[in-house]
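In what follows, a single structure is set out as structure tokens and then discussed.
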Amino acid sequence: MRVLMVCLGNICRSPIAEGILRHKAAAQGLDIQTDSAGTAAYHVGEAPDSRMILIANKNGIDISDLSARQFTKADYQNFDLIYAMDQSNYDNMIRLAISDEDRQKVRLILNEANPGSNAEVPDPYYGGDQGFQHVIDLLDVAVDKVIERIQVNG
Ligand code: 4NP
């Protein structure tokens with residue numbers, strides 16, 4: 001199973017979503033390929049935001065090796081499940097889809113924990129440290145549900 005996490009800049013929310021999934025998959029011995037991307041190109045080639053690296057570490061998760069890239073149409077071929085952190089990321093990816101198969105791969109990640117809520121992972125970039133921890137807390141719960149989906153559906 002190949003899972004892609006997507007936000008705007010690929011330096012705050014989607015790298016920690018990838019880091020949490022990678023951490024849990026390894027702990028449970030699951031064969032899941034993970035990656036993350038941003039719908040924008042502002043931060044391509046950069047490491048995750050230093051605040052997120054630090055707070056991730058405090059939560060036992062290392063994302064310091066990750067590097068930002070932009071989402072492309074080819075990701076529809078390369079991934080089975082594609083998770084948007086917010087509605088704007090979702091809309092941007094749907095615009096690049098060329099088939100229903102593509103569109104069906106894209107989901108709002110918090111709908112895994114709260115189906116139909118269409119809740120968004122708030123962008124912590126312009127806020128304080130507690131915003132980063134809040135993102136981790138939301139994604140911790142949602143990623144457990146992602147793993148449950150993968151285990152049920154193979
Ligand atoms: P992310 O956060 O989408 O969670 O990586 C952001 C990072 C950078 C910017 C916006 C959001 N920016 O405008 O540079």
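Whatever order the structure lists ligands and atoms in, that order sets their numbers, starting from 1.
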Side chain to side chain contact (heavy atoms under 4.5 Å, CB included) partner of I63, the single match among H23, M52, E18: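 Output: one option passes, namely M52.
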
Could you identify the single nearest non-hydrogen protein atom to [atom] and state the distance to 0.1 Å?
| atom | result |
| --- | --- |
| atom 11 (C) of ligand 1 | D123 OD2, 3.0 Å |
| atom 13 (O) of ligand 1 | Y126 OH, 3.5 Å |
| atom 1 (P) of ligand 1 | C7 SG, 3.5 Å |

Please could you name the atoms of ligand 1 that [X] approaches to less than 4.0 Å, counting only its heavy atoms?
| X | result |
| --- | --- |
| C12 | 1 (P), 2 (O), 4 (O), 5 (O) |
| G9 | 1 (P), 3 (O), 5 (O) |
| I11 | 5 (O), 7 (C), 8 (C) |

Closest to atom 12 (N) of ligand 1 (judged by heavy-atom distance), picking from M52, E46, H43: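 Result: the heavy atom closest to atom 12 (N) of ligand 1 is in H43.
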
S14-ligand 1 polar pair, N/O distance under 3.5 Å: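 No, since none of the N or O atoms of S14 sits under 3.5 Å from an N or O of ligand 1.
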
Proximity of N10 to ligand 1 by residue part, where a heavy atom lies under 4.0 Å: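 Backbone only.
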
Shared hydrophobic cluster for M85 and I136 (ILVMFWY, side-chain gaps under 4.5 Å):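 Yes; I136 is reachable from M85 via cluster members.
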
Joint cluster assignment, L138 & I16, ILVMFWY side-chain distance < 4.5 Å: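 Linked within one cluster.
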
Centroid-centroid under 6.0 Å between F71 and Y76 rings: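 Yes, the ring centres sit under 6.0 Å apart.
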
Check: N59/Q133 side-chain N/O donor and acceptor closer than 3.5 Å: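 Checked: N59/Q133 side chains pair up, N/O donor to acceptor below 3.5 Å.
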
Donor-acceptor contact present, side-chain R51 to main-chain F132, <3.5 Å: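 Not a single qualifying donor-acceptor pair exists.
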
Check ion pair D35-R2 (N to O, under 4.0 angstrom):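 R2 and D35: not salt-bridged.
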
